[in-house]
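Beneath this line is the structure, given in structure tokens, with notes to follow.
Note on naming: letters A, B, ... go to the chains in the order of the sequence lines (proteins, then strands), and numbering restarts at 1 for each one. Please read all numbers here as calculations on a predicted model, not as lab measurements.
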2 protein chains.
Amino acid sequence: MRKTLRSDLETGSRRRDELLAAAEQLIVERGLSALTVDDVTGRAGVAKGTFYIYFSAKGELLAALRERYAAAICAEQERALAELPAEDHGGRLDRWVAEAIGAHLEHERLHDALFHHELPADAIKTGVTAANPQLDLLERILGAGAAAGAFALADVETATALLYGAMHAAVDLLLDRGQRPLDVDRVLSATQRFARGAVGADAAG
Amino acid sequence: MRKTLRSDLETGSRRRDELLAAAEQLIVERGLSALTVDDVTGRAGVAKGTFYIYFSAKGELLAALRERYAAAICAEQERALAELPAEDHGGRLDRWVAEAIGAHLEHERLHDALFHHELPADAIKTGVTAANPQLDLLERILGAGAAAGAFALADVETATALLYGAMHAAVDLLLDRGQRPLDVDRVLSATQRFARGAVGADAAG
DNA sequence: ACCTGAACACCGTTCAAGT
DNA sequence: ACCTGAACACCGTTCAAGT
């Protein structure tokens, strides 16, 4: 019996965990764009080549980190939701939102590195934080509707950002080829209903 | 008068435009992760060093492309919206959503490269398309509420994706340090109202 | 004023050799 | 079976020299 207690799946070696932990530390300390295989192995106290025994490429480590992070957050959410009665659907939704935002904020740097839309870091450092005209347009639409009393919005600025994010999610959903082909019309009309509800548009429009 | 007609700002040289065009072609053809300064200058028919006369770094080119792309889409949207009466707020919102999704779908590859959450491309090729447990959780919440009649949702799957995108947008909003500090509570409650509206939660919750 | 392209530095990946 | 680290390939960036 040479088998270890842990499974032999790539997912389960101690070395691998050490490399993951080292990478997570380094990302938090210095950011994703500064992350180097050399640094990771250095921090973990092994030779560079060892990295490729446990990961086929740097990208695989990042994917694994992301997965681990999402799983951890999710476990926390499950716990929080367990406190609420199953019939309190609105309350459960509120709680999901609060927990999700809270968890990501707690792990700021990591969230940023693993989930934020990522351009090579220099783009930001160079200070080219482009104003987004599409966002401005949406904000004007929402602002006008709110002013006219057609939308029930206390916070136009936040709603604009959220709706923009939702719209991008719709696009991503449609572009994600791995899935069975989704009906564009279906997603579109679902998004429009979603948007109307989110801004509190009255039935008349 | 040696000055050219075009402004001398870095934004406005013909060479620069040629480099941008070359980069856009190459991204559409081969994807962002295959984009090389060498290829860009090769396609544009200039020497490698020329690139750095017009851009301080590769990231600056990407930022410029993104800006150009967003501006183009926005111009199209403005045109479409001009056809609708200013008082038809719900209609204008519908139109914004439809145009935004449509435009991004038309330029699939480019959208993907410039806006999609980006891990080094190998992560995806390696097939580690991690199932996201957080998404599953949200889908269960929405599904349960819909089944109970507490939420008015025709398409739970799509709504889940959109709400998840909106939630991430809220986090990004809070993490974006450049801005004046936003109140976490304000964003949180705005997000919760947004979510309730989007899923058609009845007033009772 | 603009362009060139060789040279440099850095970093992801491989592999023959070690235990 | 696991580890090593030198070597390789690739690519972003610089710069002295050209027109």
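Between the P atom of dC11(C) and the CG atom of Leu62(A) lies a distance of 15 Å, rounded to the nearest Å. Here dG12(D) presents its C1' atom at 14 Å from CD of Glu60(B), a figure rounded to the nearest Å. Rounded to an integer number of Å, the gap from Leu61(A) CG to dC11(C) P is 16 Å. Between Phe55(A) atom CZ and dT14(C) atom P the separation is 15 Å, expressed in whole Å. Rounded to a whole Å, the CZ atom of Phe51(B) is 7 Å from the P atom of dT13(D). dA9(C) atom P lies 21 Å from atom NZ of Lys58(B), rounded to whole Å. The distance between atom CG of Leu26(A) and atom P of dC11(C), rounded to the nearest whole Å, is 13 Å.
Looking at every heavy atom in both residues, Ala159(B) comes nearest to Leu153(B) through CB-CD2, 3.7 Å.
Looking at DNA chain D, the stems built from 3 or more consecutive Watson-Crick or G-U wobble pairs, each pair with its key distances under 3.5 Å, are C:4-8 with D:12-16, C:12-16 with D:4-8.
Applying the side chain to side chain donor-acceptor pair (under 3.5 Å) test to Glu76(B) and every residue at least two apart in sequence or in another chain returns nothing. Residues meeting the side chain to side chain donor-acceptor pair (under 3.5 Å) test with Asp39(A), sequence neighbours left out: Arg30(A). Residues meeting the side chain to side chain donor-acceptor pair (under 3.5 Å) test with Glu18(B), sequence neighbours left out: Arg15(B). Partners of Arg43(B) by side chain to side chain donor-acceptor pair (under 3.5 Å), not counting sequence neighbours, listed by chain and number: Gln25(B), Glu29(B). Qualifying side chain to side chain contact (heavy atoms under 4.5 Å, CB included) partners for Ala198(B), counting only residues two or more places apart in sequence or in other chains: Phe194(A), Ala198(A). Legend: residues meeting side chain to side chain contact (heavy atoms under 4.5 Å, CB included) with Asp94(A), ordered by chain and number and at least two apart, are Gln192(B), Arg196(B). The salt bridge (charged side-chain N to carboxylate O under 4.0 Å, His left out) check on Arg95(A) picks up Glu83(A), Glu99(A), with sequence neighbours excluded. Every residue two or more places apart in sequence or in another chain that forms a side chain to side chain contact (heavy atoms under 4.5 Å, CB included) with Glu24(B) is listed here: Leu65(B), Arg68(B), Leu110(B).
Under 4.0 angstrom from either OP1 or OP2 of dT13(D) there lies at least one side-chain N or O belonging to Tyr52(B).
For the atom pair CD of Glu78(B) and CH2 of Trp96(B), the computed distance is 12.0 Å after rounding to the nearest 0.5 Å.
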Contact list (N/O, under 3.5 angstrom) for nucleotides 3-8 of chain D vs protein:
residue, atom, partner, partner atom, Å
dC3(D), OP1, Arg15(A), NH1, 2.3
dC3(D), OP2, Tyr54(A), OH, 2.4
dT4(D), OP2, Ala47(A), N, 2.7
dT4(D), OP2, Thr50(A), OG1, 2.8
dG5(D), N7, Gly49(A), N, 3.4

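Within the structure, ring-ring contact (aromatic ring centres under 6.0 Å, His included) pairs that include any residue of residues 17-41 of chain B do not occur (at least two apart or interchain).
For the segment residues 34-43 of chain B, no residue has any heavy atom less than 4.0 angstrom from an atom of DNA chain C.
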